[in-house]
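Scroll down for the structure; my scribbles are underneath it.
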Amino acid sequence: MLFPTFYKVTKSHKIEDFKYKIEVSLNPEHEIFKGHFPNNPVTPGVCMMQIIKELTQDICEVNLQLIQSNNIKFMALINPEVNPDLVLELDITKSETEVKVKNTTFFGETTALKLSSVYQIKK
């Protein structure tokens, strides 16, 4: 985990083959939020992308390197003081050399993020 105290997985459900629903809780006290932004914390998009990568690595039990992201849509700001609990839906397709992920992230009924990524499997 790149930032060990940034978030924790609170629940993980396999919905069907290679489709997962994972609940995470952000740590609003993490130092990242002191710089992004003081007195008005917002979860950085790159941190959300890192969470998705880490969850995918854990599921697939491989090390990954991001090689492509597209259709990235940040649809709502994630303030960890207001909405620390997130639900990430991951649809994963794995081959011998790469992993493709389609993600939708929610807090409550609000869609916060949608993205598709391709990762190379690192040996």
Side-chain angles (χ1 to χ4, degrees):
M1 188 178 289
L2 187 59
F3 304 113
T5 61
F6 184 65
Y7 71 97
K8 66 180 176 181
V9 175
T10 55
K11 289 185 185 175
S12 181
H13 310 282
K14 184 175 183 178
I15 299 169
E16 56 186 69
D17 286 344
F18 300 103
K19 291 189 181 191
Y20 296 83
K21 183 184 233 181
I22 301 172
E23 298 178 28
V24 301
S25 183
L26 299 175
N27 173 6
E29 300 300 318
H30 195 276
E31 64 186 56
I32 285 174
F33 297 116
K34 293 177 183 156
H36 201 269
F37 298 95
N39 301 318
N40 189 24
V42 175
T43 305
V46 69
C47 291
M48 289 304 304
M49 293 175 71
Q50 181 67 24
I51 290 171
I52 293 163
K53 175 188 170 192
E54 290 175 2
L55 295 175
T56 304
Q57 286 183 143
D58 290 347
I59 290 166
C60 295
E61 299 178 329
V62 293
N63 289 323
L64 299 173
Q65 179 175 348
L66 179 67
I67 57 174
Q68 179 183 4
S69 276
N70 54 26
N71 297 323
I72 302 170
K73 297 177 184 169
F74 295 101
M75 303 168 79
L77 296 176
I78 302 171
N79 180 331
E81 293 177 349
V82 178
N83 297 297
D85 300 320
L86 306 175
V87 175
L88 292 88
E89 293 179 350
L90 304 175
D91 187 351
I92 300 171
T93 305
K94 183 180 174 190
S95 72
E96 288 186 26
T97 59
E98 67 182 25
V99 176
K100 296 179 181 180
V101 179
K102 292 182 182 176
N103 164 260
T104 305
T105 300
F106 304 91
F107 56 84
E109 298 297 316
T110 301
T111 302
L113 168 64
K114 287 186 174 188
L115 80 94
S116 297
S117 296
V118 180
Y119 303 95
Q120 180 179 26
I121 296 174
K122 292 170 48 177
K123 305 224 177 200

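Throughout, residue positions are numbered sequentially from 1 according to the sequence presented. Values below: every heavy atom of this structure, side chains too, minus hydrogens, waters and symmetry copies. Only a predicted model underlies this, so the values are computations on that prediction, with no experimental measurement involved.
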Partner of Leu90 under side chain to side chain contact (heavy atoms under 4.5 Å, CB included), picked from Thr104, Thr105, Asn103, Ile15, is Asn103
I need the [X] [atom1] to [Y] [atom2] distance, nearest 0.5 Å.
X: Ile22; Y: Tyr7; atom1: CD1; atom2: OH; answer: 9.0 Å
X: Lys122; Y: Leu64; atom1: NZ; atom2: CG; answer: 8.5 Å
X: Cys60; Y: Glu98; atom1: SG; atom2: CD; answer: 12.0 Å
X: Thr43; Y: Leu113; atom1: OG1; atom2: CG; answer: 10.5 Å
X: Glu23; Y: Lys8; atom1: CD; atom2: NZ; answer: 12.5 Å
X: Phe107; Y: Leu77; atom1: CZ; atom2: CG; answer: 8.0 Å

Please answer: with hydrophobic residues joined when any side-chain heavy atoms are less than 4.5 Å apart, are [X] and [Y] in the same cluster?
X: Ile78; Y: Val42; answer: no
X: Val118; Y: Leu55; answer: no
X: Ile59; Y: Met49; answer: yes
X: Leu115; Y: Met75; answer: no
X: Val62; Y: Tyr20; answer: yes

Between Glu31 and Phe3, does the side-chain contact (heavy atoms from CB on, under 4.5 Å) criterion hold? Intermediate values first, please.
CA-CA 10 Å; Glu31 64 186 56; Phe3 304 113; over 6 Å; no
Does Asn39, at its CG atom, have more than 12 non-hydrogen atoms belonging to other residues, nucleotides or ligands within less than 6.0 Å?
no
Determine whether [X] and [Y] make a side-chain contact, defined as any pair of heavy atoms from C-beta on separated by less than 4.5 Å.
X: Asn79; Y: Asn40; answer: yes
X: Thr10; Y: Asp85; answer: no
X: Phe18; Y: Thr93; answer: no
X: Gln57; Y: Asn63; answer: yes
X: Lys53; Y: Leu2; answer: no
X: Ser117; Y: Ile52; answer: no

What is the minimum heavy-atom distance between [X] and [Y], and which atoms define it?
X: Val87; Y: Lys21; answer: CG1-CG, 3.6 Å
X: Lys123; Y: Glu96; answer: NZ-O, 4.2 Å
X: Leu66; Y: Gln68; answer: CD1-O, 3.5 Å

Partners passing ring-ring contact (aromatic ring centres under 6.0 Å, His included) against Phe33 (at least two apart in sequence or in another chain):
Phe6
Determine whether a donor-acceptor pair (N or O, by modelled atom type, separation under 3.5 Å) exists between the side chain of Asn71 and the backbone of Ser116.
no
Evaluate the criterion side-chain contact (heavy atoms from CB on, under 4.5 Å) for residue pair Ile121 and Lys94; output intermediate values, then yes/no.
CA-CA 9 Å; Ile121 296 174; Lys94 183 180 174 190; 4.2 Å; yes
Partners meeting salt bridge (charged side-chain N to carboxylate O under 4.0 Å, His left out) with Asp91 (sequence neighbours left out)
Lys19
Quick one, Met48 with Leu86, criterion side-chain contact (heavy atoms from CB on, under 4.5 Å). Give me CA distance, side-chain angles, the key distance, then yes/no.
CA-CA 10 Å; Met48 289 304 304; Leu86 306 175; 3.8 Å; yes
